[in-house]
Number of protein chains: 2
Amino acid sequence: MAGALRHDAMRAGNLAAVLGELDRTGPLTRAALAEATGLTKTTVSKLVAGLIDAGLAVESGAVRDGERGRPGTAVRLSGDRVAALGLEINVDYLSCCVVDLSRTVRLRRSRAADNRAAAPDRVIAGLRELATGALADAAALGLTVVGGTVALPGPVDRDTGTVHRAPNLGWRDVEVTGPLGLPVPVRAENEANLAALGELWFGAGPQLGDFLHVSGEIGIGAGLVVDGALFRGAHGFAGELGHVVVVPDGPACRCGGAGCLELYAGQDALLRPGGDLAALRDRLAAGDPVAVEGCERAGAALGVALAGAANLLDPETIVLGGIFAPLFHWVADPVRRELRDRLGQMRARVPAVVVSRTGAEAATLGGAGQVIRRVIAAPGDYLPQLVPPNNI
Amino acid sequence: MAGALRHDAMRAGNLAAVLGELDRTGPLTRAALAEATGLTKTTVSKLVAGLIDAGLAVESGAVRDGERGRPGTAVRLSGDRVAALGLEINVDYLSCCVVDLSRTVRLRRSRAADNRAAAPDRVIAGLRELATGALADAAALGLTVVGGTVALPGPVDRDTGTVHRAPNLGWRDVEVTGPLGLPVPVRAENEANLAALGELWFGAGPQLGDFLHVSGEIGIGAGLVVDGALFRGAHGFAGELGHVVVVPDGPACRCGGAGCLELYAGQDALLRPGGDLAALRDRLAAGDPVAVEGCERAGAALGVALAGAANLLDPETIVLGGIFAPLFHWVADPVRRELRDRLGQMRARVPAVVVSRTGAEAATLGGAGQVIRRVIAAPGDYLPQLVPPNNI
DNA sequence: CGAAATTAGTCTATGTTGTGGACTAAATAT
DNA sequence: ATATTTAGTCCACAACATAGACTAATTTCG
């Protein structure tokens, strides 16, 4: 119960320490690994041998780094064996990717689909087809997919794999992971949370420090990454930025509240004048004052909500993703202004506002990356041969 | 660097597991400890012997629990050796307490003082006097104080022990822990954060789950406890509830922003009609409609801000402390109403709103408790003899 | 060009820690 | 009184990391 440690846990922990170092710093010799982890060369050699046996690491040539002395043999994460599946159900598409242990994207598949119109089990069946195909392709590449994560556009109960409410799909308490019925363990997670992890591992990454990633879609979600891990809150529903109040006595929101951010900076509000995103960008590029001022207003509302979020969460960086990424040029300044005005005096540093580097794929990538991170953090759980069971 | 484990870490971890179990579950026999931790009886016996030697645990009589078989010997945390110091600097008082390992309060001292008028080093000197006396008294009780925490009314940089800005004291970038110059290591922490921990360990505690504790004083701070630990954000400035925006184009706030919660529900706003807290309570008790409606309005504003906070942080419970505790009866309903209206549809459960059980002492208790928790989580760091150094 | 110096990695003996099962101790049930 | 049951200790053993000697492969320098 209380994290008791035994010999196998010690070994598992040290395997994780070595893998983690390889993940963070890239290829390293055994000697460098020993230095970095504080373990002895002997121990590192034994651990690395286990990792190579299990297919998690490979030797990759000699390292002659100008120093004198015998050159070392670089060891790096192997992308040839273990992989993870990222899945996404969203309003107008299904999507899927396979990422290997070195966080290289090996496969992507996606399919346009009007999921708003379809029954949940039809949508899930469609995703099953897509994923089954991807699993077959991954197997053909020699990859062993050890698990997956499905991104869903709403608050998710991770224990049951259920999305509690997905207003944009019209779903309510739909169980996804069970009915999906894939031959690998799949967990469910909120799409905005996974997009934040996607940005962490496949976007600007560690330069961001602790950051808040805003996913502007029809709804507005946010994922907070602290110390390289998601902050989820008590029930995993943290980060519902779209329903933070911007105008207390504003118009009613479908969430039951009033004056929520979503009404002022959601996709529907931004595109209200009519037309799609491309049309809006054209008008903005042409300097259409109505469009520019619309973005200004949305940005200011977003800035008010983000100032509140920054007061409560204290992120180092705020990353604007989703629809705010293509509109960044027009939205960033009002956001920055509100943050500066509302936070500047109390805090030494106001969060930096940057644009997301990962596009629509952020959530699937984050989902696959999350499985990879679990493998790296606890390799024994996924590769039983690594930690010989001493409890028979 | 990457958490490598060696034998001494294994032992330290297992000592922590045993201590943690004793802390959570109370007195237990060695057999019950073995069951709870998953370690063998042999191992538990050895670990317990070490803890008893170090004075962290004691045997406390036989346990005849109606079962047949040999009765066990209960082991419990010892309150006779290790203790911690909690300190607080606030606007109108200095305060200090000593808590032992079993989280029993052994000493309290406090002193009224108008710290707004005094220079920081004078205030710190006053706290030093108070603390030095308490340390002497603790020594007379046979207690070894292993560390302390000082609570400060503003955002704190824990690395330097500096409070960045304490508007109510008129302080700016004042280093506290160094100049305090106590003979035990002292850390600084935000007062609202520590009040939340105080509620966790000395108030309603574990029943709350993950909770947000609101400290209403002149400013309004909040501390979030997740999984029994503080959520601090990137720079330790998380939880500034008072400057969450409630009315975007409202009046200017001294923080530089506008329409902050503090303007609508801070102590100054609540007591605006004049008089002190006692007078307000009298008027409320008498049913004075002006007073009641004032509380209604403040409660509604607080509810709006808390709905935003709940959207972002997803706590299980919201605890109202500070000035909101005595006014709970009049403030809770509007808070609950706003939460229900603004969160009810999106979430399965709306956070419960409860009153704080710890009074003005919350912060000092939380500060001392935090040191105690560190001792329990890493006893080897405080009692070197527990973990024989194998690295000479 | 060859020897010394330097660094990488392996091998072996050893120390620390937890384990499993036998053992003793002390209670209740029959 | 004896069997049964549970608590706690003892001892041989297993798992893991360690220290330091050793081999291997390179650069530096005479």
Side-chain angles (χ1 to χ4, degrees), chain A residues 2-18 27-52 57 59-75 380 385-392, chain B residues 2-18 27-52 57 59-75 380 385-392:
Chain A
L5 293 166
R6 313 195 255 162
H7 289 110
D8 54 347
M10 179 159 69
R11 182 172 157 84
N14 286 338
L15 284 166
V18 169
L28 287 170
T29 66
R30 292 169 175 83
L33 277 169
E35 173 104 10
T37 58
L39 298 165
T40 60
K41 288 189 294 176
T42 310
T43 304
V44 168
S45 283
K46 280 193 265 188
L47 293 169
V48 166
L51 293 173
I52 289 177
E59 295 193 334
S60 63
V63 172
R64 231 180 267 61
D65 54 351
E67 302 284 317
R68 60 182 166 181
R70 170 178 167 178
T73 321
V75 176
Q385 76 266 28
L386 269 177
V387 184
N390 71 10
N391 44 350
I392 304 165
Chain B
L5 293 167
R6 316 199 252 166
H7 289 107
D8 54 347
M10 179 160 69
R11 181 170 160 85
N14 286 337
L15 284 166
V18 168
L28 286 169
T29 66
R30 291 169 174 83
L33 277 169
E35 172 104 11
T37 57
L39 298 164
T40 60
K41 288 189 293 176
T42 310
T43 304
V44 168
S45 283
K46 280 193 264 187
L47 293 170
V48 166
L51 293 173
I52 290 178
E59 295 193 335
S60 63
V63 172
R64 230 182 270 54
D65 54 352
E67 302 284 316
R68 62 180 165 181
R70 168 179 168 179
T73 322
V75 176
Q385 77 266 29
L386 270 176
V387 185
N390 72 9
N391 43 350
I392 305 164

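In the text below, chain A, chain B and the rest are named by the order of the sequence lines, each starting its count at 1.
- Summary of the strand contacts: B/Lys46 and A/Ala32 both lie near DNA chain C, and taking for each the nucleotide with the nearest heavy atom, the more 5' one is attributed to A/Ala32.
- In this structure, the nucleotide among C/dT10, C/dT19, D/dA17 sitting nearest to the side chain of A/Lys41 is C/dT10.
- Between A/Lys46 atom NZ and A/Arg30 atom CZ the span is 14.0 Å, to the nearest 0.5 Å.
- For A/Arg6 and D/dA17, the CZ to C1' distance is 19 Å, given to the nearest whole Å.
- Residue A/Met10 has its side chain nearest to D/dC16 when only D/dC16, C/dG18, C/dA26 are considered.
- To the nearest angstrom, C1' of D/dT6 lies 12 Å from CD of B/Glu35.
- OP1 or OP2 of C/dG18 lies within a sub-4.0 Å distance of a side-chain N or O belonging to B/Asn14.
- Rounding to the nearest 0.5 Å gives a distance of 11.0 Å between CD of A/Glu59 and OG1 of A/Thr29.
- Atom NE2 in A/His7 sits roughly 16 Å away from atom P in D/dC13 (whole-Å rounding).
- You won't find any donor-acceptor pair under 3.5 Å spanning the side chain of A/Arg70 and the base of D/dA25, going by distance alone.
- At least one side-chain nitrogen or oxygen of B/Thr43 sits closer than 4.0 Å to the OP1 or OP2 atom of C/dT19.
- Contact check, B/Arg11 against C/dT16: no side-chain N or O comes under 4.0 Å of OP1 or OP2.
- Ranking C/dA5, D/dA7, C/dT19 by closeness to the A/Arg68 side chain, first place goes to C/dA5.
- Rounded to whole Å, the distance from CG on B/Leu28 to P on D/dT6 is 17 Å.
- Nucleotides of DNA chain C nearest to A/Thr42 and A/Gly69 differ in position, and the one nearer the 5' end is that of A/Gly69.
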Verdict with reasoning, B/Leu47 to B/Thr37, per side-chain contact (heavy atoms from CB on, under 4.5 Å): CA-CA 12 Å; B/Leu47 293 170; B/Thr37 57; over 6 Å; no
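- Closest to the A/Ala31 side chain, of the nucleotides D/dT18, C/dG9, C/dG18, is C/dG9.
- For D/dA17, neither phosphate oxygen OP1 nor OP2 lies less than 4.0 angstrom from any side-chain nitrogen or oxygen of A/Thr40.
- Taking OG of A/Ser45 as the start and CG of A/Leu39 as the end, the distance is 11.0 Å to the nearest 0.5 Å.
- Which of D/dT9, C/dA27, D/dA17 sits closest to the side chain of A/Leu47 comes down to D/dA17.
- Between the OG1 atom of A/Thr43 and the CZ atom of A/Arg11 there is a distance of 10.5 Å, given to the nearest 0.5 Å.
- Look at CG on A/Leu33: it is 9 Å from P on C/dG9, rounded to the nearest Å.
- Counting to the nearest Å, the C1' atom of D/dA19 and the CG atom of A/Leu39 are 14 Å from each other.
- Atom CG in B/Asp8 sits about 17 Å away from atom P in D/dC16, given to the nearest Å.
- Between B/Ile52 atom CD1 and D/dG8 atom P there is a gap of 11 Å when expressed in whole angstrom units.
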